[in-house]
Amino acid sequence: ALVVDPRTRKQHSLNLDISAKNPDRLRVDVTAALGSYVGTFVMAGGRFEWLSAAERQFVSGPANSEAAKELLRIPVEPRAVVALLFGAQS
């Protein structure tokens, strides 16, 4: 994934290792292009957790669009992200 830092406007290439289980379990391990650990995002049971190695920060809370907006800069329901990974349900 190519990510732009909104503060510095620099581009960073990140590797995303995504594991998901329908309908609401998601884990994303993030590493830099050269393999250094960046962080982990986990969503399960209506809650999310984010561990940032670079900022030495742990954040947790309800998995909702406001939490996603803080992390992704867009308000999206986390369950929608999992649904995109699995495709539309009939």
If you take all heavy atoms of Tyr37 and Ala53, which pair is closest and at what distance? CD2-CB, 3.5 Å

Between Phe41 and Val30, is the side chain to side chain contact (heavy atoms under 4.5 Å, CB included) condition met? List the steps. CA-CA 8 Å; Phe41 173 84; Val30 184; over 6 Å; no

When you look at Phe48 and Val59, which way does the side chain to side chain contact (heavy atoms under 4.5 Å, CB included) test go after all the steps? CA-CA 8 Å; Phe48 83 92; Val59 179; 3.9 Å; yes

Between Val4 and Val76, is there a shared hydrophobic cluster once you connect ILVMFWY residues whose side-chain heavy atoms come closer than 4.5 Å? no

Pairwise distance [atom1]([X]) to [atom2]([Y]) - rounded to 0.5 angstrom:
{"X": "Gln57", "Y": "Ser52", "atom1": "CD", "atom2": "OG", "answer": "6.0 Å"}
{"X": "Lys21", "Y": "Arg27", "atom1": "NZ", "atom2": "CZ", "answer": "15.0 Å"}
{"X": "Leu51", "Y": "Ser60", "atom1": "CG", "atom2": "OG", "answer": "11.0 Å"}

With a 4.5 Å cut-off on side-chain heavy atoms, are Val42 and Trp50 touching? no

Leu2 atom CG, neighbour heavy-atom count above 12 within 6.0 Å: yes

Taking atom CZ of Arg47 as the centre, does the number of heavy atoms from other residues, nucleotides or ligands within less than 6.0 Å exceed 12? yes

Applying side chain to side chain contact (heavy atoms under 4.5 Å, CB included), run through Thr31 and Leu14 and close with a yes or a no. CA-CA 6 Å; Thr31 55; Leu14 300 175; over 6 Å; no

Can you spot which of Leu16, Asp17, Thr40 makes a side-chain contact (heavy atoms from CB on, under 4.5 Å) with Val28? Leu16

